[in-house]
Amino acid sequence: MNRMLIALLASTSLAATATAAMKADDTNDTEARITAAAEKGNELGTFGFETTGMDLSVDPGDDFYAYANGTWASTTEIPADKSNYSMFGALADLSNKRTRIIIEEEAANPDSRIGILYRSYMDVDAINARGIEPLKPMMQELGSVESLDDYAAFLGEWTQYGLAGTFAPFVGQDDKDPTQYILRFWQAGLGMPDRDYYLEDNERMQGIRDAYSSYITDMLTMAGQEDAEARAAALIAFETRLADAHWSRVKNRDSDARYNKMSVTDLQVLTGAFDVVTMLERAGYPTEGDVLVAQPDAFEKMGQILAETDMQVLKDHILMSTLTNSASMLPTKFDERQFAFYGTTLSGTPQQQQRWERAVGFTVGTLTDEVSKAYVARFYPPETEAEMQKLVDNVVDAMGKRIDTVEWMQPQTKERARAKLLNFTTKIGYPSQWQDYSDITVTDGDLFATSMSAAEWAHADNLSKLGSPIRRWEWGMTPMTVNAYANFGMQEIVFPASILQPPFFDPDADAAINYGAIGAVIGHEISHHFDDQGAKYNERGELDSWWTDADVEAFTAAGKRLVDQYNQYNIFEGENVNGELTLGENIGDLAGLAIAYDAYKASLNGAEAPIIDGTTGDQRFFLGWAQVWRRNYRDEELKRRLKTDTHSPSVQRVWVIRNIDAWYDAFNVTEGDAMYLPPEERVKVW
């Protein structure tokens with residue numbers, strides 16, 4: 001059983017999980033270049049700024065994304081095993097290829113833990129031969145569950161193996177006292193990506209629900225269960241009730257609304273007949289003291305739903321969760337059926353990734369830091385950190401100047417905002433301390449045994465945080481992750497090694513390109529600490545009302561204008577960008593790009609930027625921004641993201657430039673152009 005622990009951070013990342021592609025180059029042989037870069041070790045290669053993917057027939061003022069990326073978009077196919085194709089995904093492919101080199105070298109060593117785990121995942125014949133035997137102990141124990149109290153005890157016992165029911169506990173920082181860890185709870189229990197998949201009444205969602213019913217029926221049948229079709233219908237009815245009780249993703253963005261501290265006794269009152277105390281005891285969690293409950297009214301409703309639901313349905317809910325999350329460790333028919341629904345139906349991906357790619361992901365997910373140590377030693381140039389730190393310092397300085405000059409913020413609030421900026425910690429490349437996995441038992445030829453041992457370790461490690469000092473060294477991403485994030489409680493911005501390479505960052509590249517690409521990424525993460533939710537955390541990382549009423553009013557008004565702007569972007573008939581869901585990321589893009597531009601101009605020290613390939617420095621800056629957001633989506637994937645992703649689609653992320661005056665000057669955008677906004681309609685948050 002793989003890990004299903006929920007790790008909720010008061011943080012936000014640059015991009016949703018991506019799956020593949022590099023910018024086109026003069027030879028159009030991107031795959032060969034990525035492979036060559038993987039084999040060169042520390043020679044990352046220079047992909048640089050390029051023009052072949054642009055569409056110069058498009059007026060930049062009519063559609064800047066198409067101008068910067070139109071030829072790339074029209075000539076780049078999405079690989080059969082991808083739901084989308086992007087710059088992030090291309091670097092992810094490069095990271096996977098490099099990681100594969102390390103792991104397959106380890107696989108040649110019969111005593112290597114990394115090698116044993118990888119070989120076990122790759123041995124499909126052995127997996128098929130074992131069938132569902134690895135699940136039998138859990139299924140037998142589940143079969144003995146007869147009452148709601150038994151159910152609570154079972155969930156508690158199996159929490160240590162990553163099983164989450166409807167109330168998902170984990171240990172994290174206390175938002176109002178970030179010097180302390182606290183037990184937190186989050187709503188859970190849905191098998192589809194979002195509550196809307198259960199509740200929206202339209203043809204598309206009904207088709208997905210029908211496909212989900214078939215998926216559950218098939219999985220239960222393959223697991224030897226009788227009356228699978230009727231049980232599938234009952235299970236979906238149960239999950240639909242949970243979906244109706246759950247908070248929406250927009251509501252879940254509200255840090256204040258999510259902060260509900262109460263005693264375990266009060267939590268027990270919320271969950272009603274469901275014995276949450278027994279669940280906590282069996283899981284090893286404390287049953288005294290305070291906890292944080294993110295969605296208290298949802299918990300109350302879910303407690304009522306559990307009490308009113310037939311026990312067989314609750315047991316089927318656990319079984320289906322286990323089958324779904326364990327599919328890649330089960331015989332091929334389970335693995336393929338799981339992909340058919342979650343990969344093809346939900347995201348439109350025709351073909352599953354090659355087994356080696358998934359084996360790399362599984363190995364990294366299980367022995368994360370053991371692989372990460374080898375990766376950074378081999379593929380991360382140490383000089384990158386110093387060059388990156390210079391950029392960070394310059395962008396932070398630009399944000400400080402923005403705070404000084406912003407007109408709507410009161411002087412006392414500005415003083416604390418500056419203090420908050422000075423308290424930032426920047427993490428670059430990889431952690432200063434590695435996790436010790438010596439207590440994880442890696443069993444040759446037994447993926448389930450290894451996975452359960454890893455889950456036990458993860459549970460014990462998470463539990464051990466209670467009463468312990470805050471782990472300032474801990475990271476929420478691996479060095480191989482092509483992304484970045486901001487953590488509000490930790491007052492940090494984090495940039496893993498794998499994003500610190502072209503097209504995002506190249507120490508030898510033109511400054512305009514670096515500032516438009518990685519500089520805007522840096523600005524994005526800094527700005528998250530001052531977006532509509534991050535701004536609620538003070539200079540100590542505490543969730544605190546530290547703004548004046550006038551500040552809040554002005555800031556909220558600017559945010560509302562940005563919500564309205566993004567709400568207007570129509571992607572499919574009847575489906576627009578959700579400006580409220582994406583507000584934090586849109587603020588990050590807008591403010592991040594604005595301060596990165598300021599930092600770029602400051603880096604010139606008053607000199608004029610050179611003309612390169614016929615482009616001015618300002619033009620290259622905005623093109624650098626636009627080109628890192630190249631991405632093609634399958635329709636099903638883009639529709640899924642419109643429901644679930646806090647980031648706007650890549651085209652609309654590029655379009656944030658409509659609000660920046662310097663873009664108009666750089667490309668001579670005038671009132672007759674489609675993207676033109678009158679100065680009074682351009683949103684300025686920072």
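Basis for what follows: all heavy atoms, side chains included, without hydrogens, waters or symmetry-related copies.
At least one side-chain heavy atom of T426 sits under 4.5 Å from a side-chain heavy atom of F495. The shortest side-chain heavy-atom distance between Y181 and D174 does not fall under the 4.5 Å cut-off.
Distance check: D645 CG to R640 CZ gives 7.5 Å after rounding to the nearest 0.5 Å. Atom CD1 of I132 sits about 7.5 Å away from atom CG of L323, to the nearest 0.5 Å. Atom CG of L163 sits about 9.0 Å away from atom CG of N325, to the nearest 0.5 Å. To the nearest 0.5 Å, the span separating CG on L199 from CG on D194 amounts to 8.5 Å. Taking CE of M320 as the reference point, atom CG of L220 lies at 5.5 Å (rounded to 0.5 Å).
Salt bridge status for K97 with E357: absent, with no side-chain N to carboxylate O gap under 4.0 Å. Salt-bridge annotation for E474 and K465: present, with a side-chain N of the basic residue lying under 4.0 Å from a carboxylate O of the acidic one. Of the charged side-chain nitrogens involved, none lies within less than 4.0 Å of a carboxylate oxygen, so that K536 and D544 do not count as a salt-bridged pair.
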- request: Applying salt bridge (charged side-chain N to carboxylate O under 4.0 Å, His left out), run through D175 and R184 and close with a yes or a no.
  value: CA-CA 11 Å; D175 292 284; R184 306 179 64 148; 2.9 Å; yes
- request: Test side chain to side chain donor-acceptor pair (under 3.5 Å) on S451 and Y161 and set out the steps.
  value: CA-CA 8 Å; S451 187; Y161 302 120; over 6 Å; no
message: I'd like to know whether Q268 forms a side-chain contact (heavy atoms from CB on, under 4.5 Å) with F274, so could you lay out the CA-CA distance, the side-chain angles of the two residues, the decisive distance to 0.1 Å, and finally the verdict.
response: CA-CA 8 Å; Q268 181 63 78; F274 177 82; 5.6 Å; no
- request: Quick one: do T278 and D149 satisfy side-chain contact (heavy atoms from CB on, under 4.5 Å)? Show the steps, please.
  value: CA-CA 8 Å; T278 293; D149 288 346; over 6 Å; no
message: Run the side-chain contact (heavy atoms from CB on, under 4.5 Å) test on S120 and T450 for me, step by step, so that the C-alpha distance in whole Å, both residues' side-chain angles and the decisive distance to 0.1 Å come before the verdict.
response: CA-CA 10 Å; S120 297; T450 300; over 6 Å; no
task: Please report the C-alpha distance between E133 and R130 in whole Å, then the side-chain angles of each, then the deciding distance to 0.1 Å, and finally whether the salt bridge (charged side-chain N to carboxylate O under 4.0 Å, His left out) criterion is met.
output: CA-CA 6 Å; E133 283 300 313; R130 294 192 70 188; over 6 Å; no
task: Take W247 and D297 through the test side chain to side chain donor-acceptor pair (under 3.5 Å) and record every step on the way to the result.
output: CA-CA 9 Å; W247 285 16; D297 57 328; 2.6 Å; yes
task: Show your working on side-chain contact (heavy atoms from CB on, under 4.5 Å) between L142 and I318 and close with a plain yes or no.
output: CA-CA 8 Å; L142 183 61; I318 291 173; 3.9 Å; yes
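If you look at Y537 and H529, their ring centroids are not closer than 6.0 Å. Between H459 and Y285, the ring centre distance stays below 6.0 Å. Note: Y342 and Y215 meet the aromatic proximity criterion, with ring centroids under 6.0 Å apart. Between Y437 and W457, the gap from one ring centroid to the other is short of 6.0 Å. Aromatic pair F362/Y118: ring centres not closer than 6.0 Å. Between F299 and F167, a ring centre-to-centre spacing shorter than 6.0 Å is recorded.
Counting only distance, with no hydrogens or angles, the side chain of T240 and the backbone of I236 share a donor-acceptor pair below 3.5 Å. Between the R282 side chain and the G156 main chain, no donor and acceptor come within less than 3.5 Å of each other.
Of all the heavy atoms in K315 and G143, the pair that sits closest is NZ-O, 3.6 Å. The two residues L235 and D316 have their closest heavy-atom pair at CD2-O, 4.1 Å. Nearest heavy-atom pair, F334 versus A223, reported as atom, atom and distance to 0.1 Å: CZ-N, 3.8 Å. Contact between W434 and S372 at its shortest, heavy atoms only, is CZ3-CB, 3.4 Å. A245 and I305 make their closest contact through CB-CD1, 4.2 Å (heavy atoms, listed as atom of the first residue, atom of the second, distance). Looking at every heavy atom in both residues, G429 comes nearest to W475 through C-CH2, 3.5 Å.
Residues W356 and N96 bring no donor and acceptor atom of their side chains to less than 3.5 Å of each other. Counted by atom type alone, Y198 and E239 present one or more donor-acceptor pairs between their side chains at under 3.5 Å. In this structure, a donor-acceptor pair under 3.5 Å is present between the side chains of Q533 and S255. No side-chain donor-acceptor contact under 3.5 Å links T344 and T349. A side-chain N or O of H528 and one of E585 form a donor-acceptor pair less than 3.5 Å apart. With no hydrogens or angles considered, a side-chain donor-acceptor pair links T481 and T478 at under 3.5 Å. If you check the side chains of R231 and Q225, you find a donor sitting under 3.5 Å from an acceptor. Looking only at atom types and distance, the side chain of Q354 has no donor-acceptor partner in the side chain of D81 under 3.5 Å away. Counted by atom type alone, S112 and E106 present one or more donor-acceptor pairs between their side chains at under 3.5 Å. With 3.5 Å as the limit, one finds no donor-acceptor pair spanning the side chains of Y375 and D369. Remark: the D446 side chain and the T443 side chain contain no N/O donor-acceptor pair separated by less than 3.5 Å.
If you run salt bridge (Lys or Arg N to Asp or Glu O under 4.0 Å) between D93 and each of R100, K82, R98, only K82 comes through.
Among pairs with a residue in residues 320-345, those fulfilling salt bridge (Lys or Arg N to Asp or Glu O under 4.0 Å) read D218-R337, D335-R355, D335-R358, at least two apart in sequence or across chains.
Under the rule for a ring-ring contact (aromatic ring centres under 6.0 Å, His included), the partners of F238 that lie at least two apart in sequence or sit in another chain are H317. Residues forming a side chain to side chain contact (heavy atoms under 4.5 Å, CB included) with Q304 (at least two apart in sequence, or on another chain): E300, E308.
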